Amino acid sequence: MRFSKMHLPTLKEVPAEAEVVSHRLMLRAGMIRRLAAGIYSYLPFGLMALRNVEGIVRHEMNRAGAQEVLLPAVQPAELWQESERWDFYGKELLRFKDRHQRNFCFGPTHEEVITDLIRHEIRSYRQLPLNLYQVQTKFRDEIRPRFGLMRGREFIMKDGYSFDVDDAASTLSYQNMREAYTRIFTRCGLNFRAVEADSGAIGGNFSHEFVVLADSGEDAIASCTKCDYAANVEKAQSRFVGDETTSSAVSTDSPEAVATPNCESIDDVAAFFKVDPAAIIKSMIFESDLGFCMVVVPGDREVNELKVKAALGANWLEVPPPARIADELDLPVGYLGPIGVEIPVLVDRQVPYMGEMICGANRHGYHLRGACWGRDFKSDRVVDLVQVHAGEFCPRCDGSLQIDRGIEVGHIFKLGTKYSEKLKATFLDQDGKEKAMVMGCYGIGVGRTVAAAIEQNHDENGITFPYAIAPFKVALLNLDLKSEDVTLFCEKLYQEFLNRGISVLYDDRNERPGVKFKDADLLGMPVRVTLGRKGFKRGIIEVKLRQADAEVQEFPLDNLEPLWSLFTELQANDSRITLK
RNA sequence: CGGGAUGUGGCUCAGCUUGGUAGAGCACUGCGUUCGGGACGCAGGGGUCGGAGGUUCAAAUCCUCUCAUCCCGACCA
């Protein structure tokens, strides 16, 4: 492509709307433009990067035995009512009516549609397993879209679904996809980890997230420094070592009420008593489909709501507003404690080892000092309820955990029979018995993958695209358009790149050299080939790799074989995938 | 939905406190000079100051409402 003919509006200044690096660079490099919050147009340069990621995804999915389909984006409400997600999915589901006042939604995901398709097509175990995928625009009316393509409302997603005869076969499909995903993100040139995750609204019982490590990521992941254990902090466990030494030191017979005016937070209370927050217990009220409950954790820890939800066996969980707690339970938020409450109390496993502790008195303006586990309050539900901290012990080995930030670019789930039972996607097995298919689902955020790649591959001058997803592999810079010799040679070189199938951006604009260098850096083409009058006189072209910030190499004009072998090498590295 | 902030030529922003001729840089058009890391000169085009209402002789500026966008918390590829 000739730069002079391409719609590639690079920006010198950073648009005010962009905060994170990838968003800024994607705007500056003329890849995307915002239409509305979380809704973006893809410009040619950006679309090329997306298509490259899609290409890798398709190649690896097909190699893994999946087949591409394309399902409708607009879906009838009936299907969602059948799966009972019409109500469950909430406001993220964009709903609308057609001219006959029938309810529809714009698909945020396609379990219903694919299951509906399959239930009409598959009758026999002989037709299984089956793995279908698509690459398509999704819409989720996110509460807070942000960071450009990182969390858009409209976004391009690869979603795939597997159908198997039983759980064992489904596990094979899952592992097959896990390997395919590993190849995909490796080929995209990303530094990522596959981590254990919560399965969220999609449901099911087993899932992994593929997380690209980046400080700007929205997710926190805990991983072991020694073994390969890695999990989203939402899900992460740590091995508990109770410290018995503190549990016996009891100096009083019963807790003592102390007036603590205006001490409604742990920090206030810690300052008031001049103790460490770890000596205070944090008591919180949660409401779920099973009613109210109190959750008690050490004052220096954060409650992990997913663990609470799991411990309760609840379908949903939320923190009720203080007014509701006051009205319905007659408890003062800010002065809550586990002693004497009538609702179920869940206690974090560390609490019994805290010895004498301070807790709320359930009376406005008062706390209790010298409260003891066992003597003053008890619960038969003592479990792990807090978020892991860095430095805690790995649940699998004797290593410790570290916390990193990351961007979730892929997520794979074992769904079980959740959808196939609801939608009656059944088949006859070898015994002639009717069974529900066992499903899995597998997503990749295509735009987010591009954003994550930029997040991980940039420097102060711009993007440093990994070779595989770079829209152009090479930037060819003609520094002296007016020099016939130089231009003639550049034109020849340009044609040669095209002949060899190496995608090239030929900067033939009537611009000063500085502009061309700046744009080449910003746009991040992996290889930069420069020819100017000076070089031509000396009989050389200059070649520089963008990513390594390498030295400029000089190749003779009359022998470009070293240049071509450089590309052969880059191409080979790109597609060399480690297979088990 | 809470909390914080911002809306002024295509982009980045000043002007607002203390009401009185809408400004700068970049970008754009023309001409000339430049030409190896975002050049310079001259001459141009382009703005209902997010929108509505109000106060006032007079509103970008003060007041009310509204819309949009961004950032911090619950959702997720």
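We name chains A, B, ... by the order of the sequence lines, and we start the count at 1 in each one. Just so you know, these numbers come straight off a predicted model, no measurement behind them.
When distances run from any side-chain atom of A/P15 to the nucleotides B/C75, B/U12, B/A77, the shortest one goes to B/U12. With distances taken from any side-chain atom of A/V515 to the nucleotides B/C11, B/G36, B/A39, the minimum falls on B/A39. In the set B/C76, B/G38, B/G36, the nucleotide with an atom closest to the side chain of A/L522 is B/G38. Of the candidate nucleotides B/C71, B/G37, B/A77, B/C71 has the atom nearest to the side chain of A/E19. The side chain of A/E13 lies closest to B/G25, out of B/G73, B/G25, B/C75. Of all nucleotides listed (B/U69, B/A77, B/A39), B/U69 comes nearest to the side chain of A/A37.
When rounded to the nearest whole Å, the span between CZ of A/F88 and C1' of B/C76 equals 13 Å. A/I184 has its CD1 atom 16 Å from the P atom of B/A77, to the nearest Å. Going from atom CG of A/L317 over to atom C1' of B/C75 covers 15 Å, rounded to whole Å. Look at CZ on A/R509: it is 10 Å from C1' on B/G38, rounded to the nearest Å. For A/R512 and B/C35, the CZ to P distance is 8 Å, given to the nearest whole Å. Across the protein-nucleic acid pair, A/L477 atom CG and B/C35 atom C1' stand 14 Å apart, rounded to whole Å. The distance from atom CD1 of A/I221 to atom P of B/A77 is 16 Å, rounded to the nearest whole Å.
Remark: the separation of the C1' atoms in B/G50 and B/U6 is 11 Å, to the nearest Å. The C1' atoms of B/U17 and B/C65 are separated by 24 Å, rounded to the nearest whole Å. For the C1' atoms, the distance from B/A14 to B/U8 is 10 Å, rounded to whole Å.
Side-chain atoms of A/E511 and base atoms of B/G38 include no donor and acceptor less than 3.5 Å apart. A donor-acceptor contact under 3.5 angstrom links the side-chain atoms of A/E542 to the base of B/G36. Taking 3.5 Å as the limit, the base of B/C76 and the side chain of A/D219 contain a donor-acceptor pair of atoms between them. Side-chain atoms of A/R34 stay outside donor-acceptor range of the base of B/U69, with no qualifying N/O pair under 3.5 Å. Judged by distance alone, with hydrogens and angles left aside, A/R538 brings no side-chain donor or acceptor close enough to the base of B/G36 to form a pair under 3.5 Å. The base of B/G38 lies close enough to the side chain of A/R28 for a donor and an acceptor atom to sit less than 3.5 Å apart.
Heavy atoms of A/G532 sit under 4.0 angstrom from at least one base atom. Within 4.0 Å (heavy atoms only), A/K516 reaches no atom of the nucleic acid at all. Residue-level contact check: A/V446 touches neither bases nor backbone, having no heavy atom under 4.0 Å from any strand. Backbone-only engagement by A/G514 is indicated by non-hydrogen atom pairs under 4.0 Å involving sugar-phosphate atoms exclusively. At a threshold of 4.0 angstrom between heavy atoms, the contacts of A/A18 with the nucleic acid are absent. Among the heavy atoms of the strands, none lies under 4.0 Å from A/R33. Within the nucleic acid shown, A/D519 comes within 4.0 Å of at least one base atom, counting heavy atoms only. Contacts of A/E17 with the nucleic acid, taken as non-hydrogen atoms under 4.0 Å apart, involve only primed sugar atoms and P, OP1 or OP2.
Applying the 90° criterion around 0 to the glycosidic angle, B/U21 comes out syn.
Checking B/G2 for Watson-Crick or G-U wobble geometry (two distances, each under 3.5 Å) identifies B/C72 as its partner. Nucleotide B/C13 has B/G23 as its partner under the Watson-Crick or G-U criteria, with both atom distances under 3.5 Å. Pair assignment for B/G44 gives B/C28, based on Watson-Crick or G-U wobble hydrogen-bonding distances that are each under 3.5 Å. Nucleotide B/U64 forms a pair with B/A52, judged by Watson-Crick or G-U wobble geometry with both contacts under 3.5 Å. Pairing of B/U34, defined by two Watson-Crick or G-U wobble distances under 3.5 Å, is not identified with any nucleotide.
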Checklist entry - Yes or no on salt bridge (Lys or Arg N to Asp or Glu O under 4.0 Å) for A/E455 and A/R448, after CA distance, side-chain angles and deciding distance? => result CA-CA 10 Å; A/E455 206 64 44; A/R448 190 183 278 185; over 6 Å; no

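Classification of the A/F106-A/F139 ring pair by plane angle, with boundaries at 30° and 60°, yields perpendicular. The aromatic rings of A/Y174 and A/H208 lie tilted to each other, with the angle between the two planes from 30° to 60°. Note: A/F210 and A/Y181 have tilted aromatic rings, judged against thresholds of 30 and 60 degrees for the angle between ring planes.
To the nearest 0.5 Å, atoms CE (A/M177) and CD1 (A/I184) are separated by 7.5 Å.
Residue pairs meeting the ring-ring contact (aromatic ring centres under 6.0 Å, His included) criterion with at least one partner in residues 7-33 of chain A, sequence neighbours excluded, are A/H23-A/Y40.
Each of A/V319, A/D348, A/N304, A/V303 was checked for a side-chain contact (heavy atoms from CB on, under 4.5 Å) with A/V295, and the lone residue meeting it is A/V303. The only option from A/R146, A/R144, A/R405 that meets the salt bridge (Lys or Arg N to Asp or Glu O under 4.0 Å) definition with A/E218 turns out to be A/R146.
For the OP1/OP2 pair of B/C76 and a distance below 4.0 Å, the side-chain nitrogens and oxygens of A/R140 include no atom meeting the criterion. A sub-4.0 Å separation between OP1 or OP2 of B/C72 and a side-chain N or O of A/R144 is present.
Between the side chains of A/D116 and A/Y419, no donor N or O sits under 3.5 Å from an acceptor N or O.
Using a 4.0 Å cut-off between a side-chain N of Lys or Arg and a carboxylate O of Asp or Glu, A/K534 and A/D480 do not qualify as a salt bridge.
Taking every heavy atom of residues 146-155 of chain A and every atom of RNA chain B, pairs under 4.0 Å involve A/R146, A/F147, A/R151, A/G152, A/F155, by number.
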